[in-house]
Amino acid sequence: MLSAFARAFQTPDLRKKLLFTLGIMVLFRLGSHIPVPGVDFQAVNACVKETKNSGLFGLVNLFSGGALLQLTIFALGIMPYITASIILQLLTVVIPRLEALKKEGQAGTAKITQYTRYLTIALAVLQGTGIVATASSGALFSGCPYANQIVPDTGVFRIAVMVLTMTAGTTVIMWLGELITDRGIGNGMSLLIFTSIAAQFPSSMWAIKQSGTIGDGWVEFLSVVAVGIIVVMLVIFVEQAQRRIPVQYAKRMIGRRAFGGTSTYIPLKVNQAGVIPVIFASSLLYIPALVVQLTNSQAGWAVWIRTNFVKGDHPIYMATYFLLIVFFAFFYVAISFNPEEVADNMKKYGGFIPGIRAGRPTAEYLNYVLTRITWPGSLYLGLIALIPMIALVAFGQQTNFPFGGTSVLIVVGVGLETVKQIESQLQQRNYEGFLR
């Protein structure tokens, strides 16, 4: 990996792309520290230091690089765009018009991307309004004595300016991500998410060291580093693992030329769903806690939710979280990979799996294999997502464990994809030929 980056900086074209990408990342992090107009920044800092565990808004705060709880112009981060992309991807299976657009190629994809942008802005307005209303009521930092001083002016004009600023910040983030995709090394949105999550690693690690008691905190610090290395190695191993189903194409004579006769394979990843099930499960579990916090009800059901679902370290919460991840893993794989469509395309072009008849038997075989490899993939996702919660109980501290859950899955996945892209671009420019 290091040699690939070294050779990339030696290539003028790639060096420009890498420096441009790094510049956009710096600009993105700079915007994550500029407060929204109308916010008392001193009160925000006091509450952030006092309430280290972000609990309810942890997922949005993670994707914003800690900008949400500081109420900056990039407070919403990339989360509205992720939500919009997931919604459009789900609707593509349900709405025939979107499914037809997806099959039209580049023109249809551009249209779906435009719809995603519109939906992102709408979601940013909704999420911005909810966060500003929560901050104005003092519920964003429950238990902080300065919570009611975060937004001194709660007038309609001031609130509208804050929501508009956060929405504009989300739009700028979208633009920055597309700039990286067009002029940088690609995967713009993923790299911005990578930047947001990686920016919180140093502070999380140092907080673990400061809160430690054995050997001035160094024993806990080194233990977390060792566990983190093992978790990252496990994630890399599973993310790279795939089941390759061999496919052969029969020869076809068109005129005097023969086409086909080649052999290839269908790569089915063990973690075919990626990080989407974790995001789905986290978002779904935040809904009851958000409802209870906004309504401030003292009914029996509200007390039960506060006891079991707000802190995130209760066994009932962990079990529900794990089961939801397993369910959404199967659900997302079922809607994103269609065995019947793959079997029909193979049959159309003369392809077949050795030992399996074309058509319906091929679809059944693909479905059987996909179900078998999704089981270990979903269990792996659930265990990785539970690591921060188990560490919270084990260490007995209110700091976020950095090596686990959504953070390590995204950081490792985006890192592997970025290295692959850099290596592929290097191979295009430095083809050695037959003689070295």
Side-chain angles (χ1 to χ4, degrees), residues 59 63 79 82-96 98-99 102 190 193 231 234-245 247 265-288 309 312 315-346 353 356 360-390 404-410 412-414 416-417:
L59 185 67
F63 283 107
M79 196 64 186
I82 296 173
T83 309
S85 301
I86 293 173
I87 291 174
L88 260 296
Q89 196 168 0
L90 295 175
L91 289 179
T92 303
V93 185
V94 179
I95 301 176
L98 292 176
E99 188 176 0
K102 186 179 180 181
S190 301
I193 299 172
V231 170
L234 173 65
V235 170
I236 292 174
F237 178 77
V238 179
E239 291 294 324
Q240 298 288 85
Q242 56 182 225
R243 168 73 183 274
R244 297 181 176 182
I245 299 178
V247 178
Y265 60 86
I266 301 174
L268 296 178
K269 296 181 66 176
V270 173
N271 182 22
Q272 189 83 3
V275 75
I276 301 298
V278 182
I279 297 176
F280 275 6
S282 302
S283 303
L284 195 62
L285 282 179
Y286 283 145
I287 293 175
F309 278 85
I316 296 179
Y317 181 91
M318 292 185 185
T320 308
Y321 190 40
F322 182 83
L323 293 175
L324 282 175
I325 290 174
V326 173
F327 169 74
F328 281 122
F330 279 93
F331 173 74
Y332 188 76
V333 168
I335 65 172
S336 61
F337 185 89
N338 189 353
E340 294 182 359
E341 185 179 349
V342 175
D344 290 341
N345 290 334
M346 287 170 53
I353 299 173
I356 307 295
R360 186 176 181 83
T362 299
E364 292 177 350
Y365 176 74
L366 289 175
N367 189 38
Y368 168 73
V369 173
L370 194 63
T371 303
R372 289 188 65 186
I373 65 173
T374 302
W375 269 112
S378 61
L379 297 177
Y380 144 82
L381 276 179
L383 291 175
I384 292 294
L386 287 180
I387 286 177
M389 303 175 189
I390 297 173
T406 318
S407 56
V408 72
L409 289 171
I410 293 176
V412 173
V414 175
L416 290 173
E417 190 63 31

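We number each residue from 1, following the sequence as shown.
If you take OG1 on Thr92 and NZ on Lys102, they are separated by 6.0 Å, rounding to the nearest 0.5 Å. How far CG of Asn345 is from OG1 of Thr362: 12.0 Å, rounded to the nearest 0.5 Å. Distance CD1/Ile193 to OG/Ser407: 12.5 Å, rounded to 0.5 Å. Note that CG of Leu285 and OG1 of Thr320 are 6.5 Å apart. Values are rounded to the nearest 0.5 Å.
Partners of Ile95 under the side-chain contact (heavy atoms from CB on, under 4.5 Å) rule, at least two apart in sequence or in another chain, are Leu91, Arg97, Leu98. With sequence neighbours left out, Glu364 forms a salt bridge (charged side-chain N to carboxylate O under 4.0 Å, His left out) with Arg360. With sequence neighbours left out, the side-chain contact (heavy atoms from CB on, under 4.5 Å) criterion links Thr83 to Met79, Ile87, Leu123, Gln127. In this structure Ala281 satisfies the side-chain contact (heavy atoms from CB on, under 4.5 Å) test together with Tyr321, Leu324, Ile325, Phe328, sequence neighbours excluded. Scored by the side-chain hydrogen bond (donor to acceptor under 3.5 Å, both in side chains) test, Glu340 finds no partners at all (sequence neighbours excluded). Evaluation of the side-chain contact (heavy atoms from CB on, under 4.5 Å) rule for Leu90 yields Ile86, Phe280, Phe331, Ile335 as partners, not counting sequence neighbours.
Taking each heavy atom of Ala363 and Pro339 in turn, the nearest pair found is O-CB, 3.5 Å. Between Phe322 and Leu383 the shortest heavy-atom distance is CE1-N, 3.8 Å.
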Report all side-chain donor-acceptor pairs from residues 369-379 shorter than 3.5 Å, counting only partners two or more places apart or in another chain.
from   : atom 1 : to     : atom 2 : distance (Å)
Thr371 : OG1    : Asn367 : O      : 2.8
Arg372 : NH1    : Tyr368 : OH     : 3.1
Thr374 : OG1    : Leu370 : O      : 2.5
Ser378 : OG     : Thr374 : O      : 3.1
Ser378 : OG     : Trp375 : O      : 2.9

Donor-acceptor pairs are to be reported for all side-chain atoms of residues 265-276 against protein atoms at under 3.5 Å, with residues two or more places apart or in another chain.
from   : atom 1 : to     : atom 2 : distance (Å)
Asn271 : OD1    : Gly274 : N      : 3.3
Asn271 : ND2    : Glu239 : OE2    : 2.7
Gln272 : OE1    : Lys269 : N      : 2.9

*Applying side-chain contact (heavy atoms from CB on, under 4.5 Å), run through Leu284 and Phe327 and close with a yes or a no.*
CA-CA 12 Å; Leu284 195 62; Phe327 169 74; over 6 Å; no
